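Inspection log for the structure reproduced underneath, given as structure tokens.
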Amino acid sequence: MPELPEVETVRRGLAPALDGARLARVDVNRPDLRWPFPDRMADRLRGATIRALGRRSKFLLLHLDTGETLIVHLGMSGRMVVDDLSAPTGVQPGTFHRDAGWHPQHDHVVFHTDRHRVTFNDARRFGAMDLWPTDDLENHRLIAKLGPEPLGNTFNDAHLIAAFRGRNTPVKSALLDQRIVAGLGNIYVSEALHRAGIAPKRRAGRIAAPRVAALVPIIRDVLDEAIRAGGSSLRDHRQADGTLGYFQHSFRVYDREGRPCPTPGCDGAIRRIVQSGRSSFFCGVCQR
DNA sequence: CTTGGGTCCTGTGCGC
DNA sequence: TGCGCACAGGACCCAA
């Protein structure tokens with residue numbers, strides 16, 4: 001389940017195959033994912049040239065020369081894999097990583113260019129696609145309510161302090177709320193809160209302003225580091241060429257229940273609790 | 001308005 | 001080996 005760093009990794013990996021490419025054909029193998037695909041999606045994509053590959057939060061954006069943008073969300077298990085059709089025969093890129101955990105019956109949409117094949121595979125089908133006018137993207141229902149990009153300038157101290165003010169919800173939930181900041185998910189919230197020394201159960205509105213402000217650069221750093229590592233590969237995430245991201249080796253708390261807290265001088269152990277149905281990992285000693 | 005819980009779907013790994 | 005259960009990177013929707 002991709003969070004912002006994984007989606008950004010996929011975006012960068014798709015660029016060599018799709019940036020500037022013409023979609024010769026798109027195979028749509030089922031009528032829907034989480035929601036029905038837009039009307040005549042395959043027809044509206046066929047022949048279009050991709051002018052640029054963008055990203056907003058966890059959404060991939062394929063800006064087309066038709067004036068429309070294909071919005072793609074990977075949901076929990078969505079993958080995008082590139083095959084280079086001009087590669088020498090033999091083992092083609094994109095073959096080896098289909099061995100483990102790859103279920104070809106979940107190849108739901110396949111994009112064909114003159115040189116590449118890009119396959120969208122999503123076992124759980126929580127993903128989504130939609131087509132929308134490029135000049136009106138900010139009004140799309142999935143995008144309109146998103147908060148600031150955490151790596152952009154509008155995500156700053158003043159914004160986060162104002163967003164937390166008066167909120168009685170646990171800070172874990174607040175950071176997962178895409179209206180407050182857009183792009184964090186279950187992994188990077190746990191990682192950021194550990195770095196900030198804030199307990200996930202603490203109520204967002206009861207955290208002193210300087211500690212909230214400190215979260216801003218911490219969130220940026222965590223996401224930056226993860227992007228530079230090619231994201232975190234747990235079950236599903238691969239880079240578009242099939243190689244694994246490696247940020248999971250840098251996790252300080254996520255999925256590390258019972259391990260010692262990595263904070264220097266801290267003798268705590270990582271604990272796991274469930275908040276609104278999702279695991280939170282934290283150190284009860286140095287996170288308060 | 002905020003907040004919490006249920007829900008969608010398939011695959012995997014664990015304990016028995 | 002098989003079975004049942006818990007859990008998995010998301011986020012919408014609705015009730016209270």
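Residue numbering restarts at 1 for every chain, and letters A, B, ... go by the order of the sequence lines. This one's a predicted model, so the numbers in the text were calculated from it and none came from an experiment.
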Handout entry: Pairing partner of B:dC9 (Watson-Crick or G-U wobble, both distances under 3.5 Å)
Key = none

Practice task
Could you tell me which non-hydrogen atom of A:Q178 sits nearest to which non-hydrogen atom of A:S57, and how far apart they are?
Solution key: OE1-OG, 3.6 Å

Looking only at side-chain N and O atoms, does [X] come under 4.0 Å of OP1 or OP2 in [N]?
X	N	value
A:H73	C:dA11	yes
A:T169	B:dG4	yes
A:R125	B:dT10	yes
A:K58	C:dA11	yes
A:R272	C:dC7	yes

Given [options], which nucleotide is nearest the side-chain atoms of [X]?
X	options	answer
A:R167	B:dT3, C:dG10, B:dT12	B:dT3
A:A123	C:dA11, C:dC7, B:dG11	B:dG11
A:P170	B:dG4, B:dT10, C:dG10	B:dG4
A:H103	C:dA11, B:dT12, B:dT10	B:dT12
A:R141	C:dA8, C:dC13, C:dG10	C:dC13
A:W35	C:dA11, B:dC9, C:dC12	C:dC12
A:N186	C:dG10, B:dG4, B:dG11	C:dG10

Separation of atom [atom1] in [X] from atom [atom2] in [N], rounded to whole Å:
X	N	atom1	atom2	value
A:E257	C:dA6	CD	P	16 Å
A:H108	B:dC8	NE2	C1'	13 Å
A:F126	C:dC13	CZ	C1'	14 Å
A:R124	C:dC12	CZ	P	16 Å
A:R278	C:dA6	CZ	C1'	15 Å
A:I71	C:dG10	CD1	P	19 Å
A:D32	B:dT10	CG	P	11 Å
A:H140	C:dA11	NE2	P	14 Å

Problem - Separation of the P atoms in B:dG6 and C:dA6, to the nearest angstrom - result: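 Going atom to atom, P in each nucleotide, I get 14 Å.
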
Practice task
Please say whether more than 12 non-hydrogen atoms of neighbouring residues, nucleotides or ligands are located less than 6.0 Å from CG in A:N139.
Solution key: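 Correct, the count exceeds 12.
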
Exercise for the section: Consider only side-chain heavy atoms of I, L, V, M, F, W and Y, link residues closer than 4.5 Å, and tell whether A:M80 and A:L131 are in one cluster. Expected result: yes

Handout entry: cation_pi(A:R56, A:W132) dist<6.0 Å, angle<=45
Key =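 Pair A:R56/A:W132 does not count as cation-pi.
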
Within the 4.0 Å heavy-atom criterion, would you say [X] contacts the bases, only the backbone, or no part of the nucleic acid?
X	result
A:S279	sugar-phosphate
A:N168	sugar-phosphate
A:Q105	sugar-phosphate

Practice task
Assign each of A:H106 and A:R179 to its nearest nucleotide of DNA chain B by heavy atoms, then name whichever residue's nucleotide is nearer the 5' end.
Solution key: A:R179

Handout entry: Residue pair A:H112 / A:D27, side-chain donor-acceptor N/O under 3.5 Å
Key =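 A:D27 and A:H112 do have a side-chain donor-acceptor pair below 3.5 Å.
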
Problem - Any donor-acceptor N/O pair, A:Q287 side chain to A:L193 backbone, under 3.5 Å - result: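 Indeed, once roles are kept as given, a pair shorter than 3.5 Å links the two residues.
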
